[in-house]
Amino acid sequence: MKRALLILLLFVNLSAAADERGEKRLQRISQHYAALGNYAVSFLLRTGGAEQRGTVQVSGKESYLKVADTEVFITDSLRYEVRGSAREVIVDRADAYEKELLNSLNGFSNIAADYNIEECEVEGRAAVRLMPKKQGEVIYVITGTDGESVAKLRYGSGDNLVEVIVLKSEKISQKLPIFSKERYKGFELIDFR
């Protein structure tokens with residue numbers, strides 16, 4: 001689930017660095033979402049034979065992600081991960097997640113150091129294949145028919161296949177949900193700052 005949450009953060013602050021064709025494709029994706037300004041993406045997460053709906057909302061370097069009973073708030077350089085079923089809130093510096101593939105501060109800015117990037121075709125659509133230089137899963141970013149929006153993310157195979165299917169992307173005018181201690185009263189607070 002944690003890896004799936006990282007993949008979902010693809011929609012947050014995209015900026016590309018890759019090989020020539022892959023770079024151009026990632027730039028088109030980045031420009032598409034940058035043009036929206038503040039936006040929301042509704043998605044369907046498929047993993048292990050189960051499906052869960054979720055949403056990610058973005059405003060500049062701030063974001064809010066909700067899938068199942070997990071919420072991730074990134075605001076004021078802090079990351080709050082709320083795990084409803086465990087009744088806990090994990091607080092950390094957002095920059096502590098810089099090395100993660102799709103963190104909310106860097107998007108794709110450091111991806112070329114850890115991944116080989118190739119443009120390819122998946123399901124008849126333009127896609128970007130991210131192949132880890134050392135270890136890990138190959139990730140596919142499959143575009144919509146416009147070649148700019150993200151239609152699907154996929155990594156793993158067989159029983160470990162994870163797919164994120166974009167249901168809707170839209171510009172939003174409302175403010176992002178903000179983390180509030182009062183809302184999660186009684187939750188255990190784990191602070192790694």
Side-chain angles (χ1 to χ4, degrees), residues 1-15 33-34 36-111 114 130 132 136-137 139 141 150 152-156 160-193:
M1 177 72 161
K2 184 177 178 186
R3 180 81 171 156
L5 288 175
L6 296 176
I7 298 301
L8 295 176
L9 292 176
L10 167 72
F11 299 105
V12 183
N13 194 23
L14 296 174
S15 62
Y33 288 99
L36 292 175
N38 298 344
Y39 61 93
V41 175
S42 300
F43 59 86
L44 179 65
L45 171 64
R46 289 184 182 156
T47 182
E51 292 184 350
Q52 297 175 336
R53 290 186 180 266
T55 186
V56 63
Q57 297 175 25
V58 178
S59 178
K61 289 190 178 262
E62 296 186 351
S63 64
Y64 170 75
L65 168 75
K66 177 156 179 47
V67 64
D69 73 338
T70 301
E71 296 175 275
V72 177
F73 301 83
I74 297 179
T75 184
D76 296 328
S77 301
L78 292 177
R79 182 180 190 274
Y80 301 90
E81 183 173 334
V82 179
R83 299 177 182 171
S85 59
R87 298 193 48 83
E88 64 185 19
V89 176
I90 300 168
V91 182
D92 207 346
R93 296 179 343 267
D95 66 359
Y97 296 82
E98 283 181 349
K99 289 292 187 185
E100 291 181 348
L101 173 62
L102 302 169
N103 82 81
S104 63
L105 297 178
N106 291 337
F108 283 118
S109 62
N110 295 322
I111 202 168
D114 298 320
L130 307 174
E137 299 284 345
I139 300 169
V141 180
V150 175
K152 187 186 293 187
L153 302 170
R154 178 188 300 158
Y155 73 94
N160 296 320
L161 178 66
V162 175
E163 288 185 310
V164 179
I165 300 157
V166 175
L167 303 173
K168 183 178 181 181
S169 297
E170 63 185 336
K171 183 178 180 111
I172 57 172
S173 57
Q174 73 267 24
K175 292 188 177 196
L176 272 60
I178 297 174
F179 176 79
S180 165
K181 289 180 186 177
E182 294 301 314
R183 183 173 171 205
Y184 302 102
K185 204 172 215 174
F187 280 48
E188 178 184 2
L189 183 67
I190 303 166
D191 196 332
F192 290 114
R193 290 178 286 176

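In this chain, residues are counted from 1 in sequence order.
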* To do: Would you please test V141 and L130 for side-chain contact (heavy atoms from CB on, under 4.5 Å) and show each step?
  => CA-CA 8 Å; V141 180; L130 307 174; 4.3 Å; yes

* For the side chain of S63 and the backbone of Q57, is there at least one donor-acceptor N/O pair under 3.5 Å apart? ->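 No, because the side chain of S63 does not come within donor-acceptor range (under 3.5 Å) of the backbone of Q57.
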
Sequence neighbours excluded and cut-off under 3.5 Å, please list the side-chain donor-acceptor pairs for residues 175-189, or say none.
from, atom 1, to, atom 2, distance (Å)
S180, OG, E182, N, 3.3
Y184, OH, E71, OE1, 2.6
Y184, OH, E71, OE2, 3.3

Set of side-chain hydrogen bond (donor to acceptor under 3.5 Å, both in side chains) partners for [X], sequence neighbours left out:
X: S85; value: D69
X: N38; value: S59
X: K152; value: E123

Look up atom [atom1] in [X] and atom [atom2] in [Y], then write down how far apart they are to the nearest 0.5 Å.
X: I74; Y: E81; atom1: CD1; atom2: CD; result: 9.5 Å
X: I90; Y: R79; atom1: CD1; atom2: CZ; result: 8.0 Å
X: R154; Y: I165; atom1: CZ; atom2: CD1; result: 8.5 Å

* How close do V150 and V166 get, heavy atom to heavy atom, and via which atoms? -> O-CG2, 3.1 Å

* Which atom names give the shortest non-hydrogen contact between E137 and G156, and what distance separates them? -> OE1-CA, 3.2 Å

* Asked: Which pairs count as ring pair (Phe, Tyr, Trp, His ring centres under 6.0 Å) when at least one residue sits in residues 49-69, sequence neighbours excluded?
  -> Y64-F73

* Contacts of L78 that satisfy side-chain contact (heavy atoms from CB on, under 4.5 Å) - sequence neighbours left out ->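 Expected list: Y80, R193.
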
* Asked: If you count the non-hydrogen atoms of other residues, nucleotides and ligands that lie under 6.0 Å from CZ in R53, is the total more than 12?
  ->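 Incorrect, the count does not exceed 12.
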
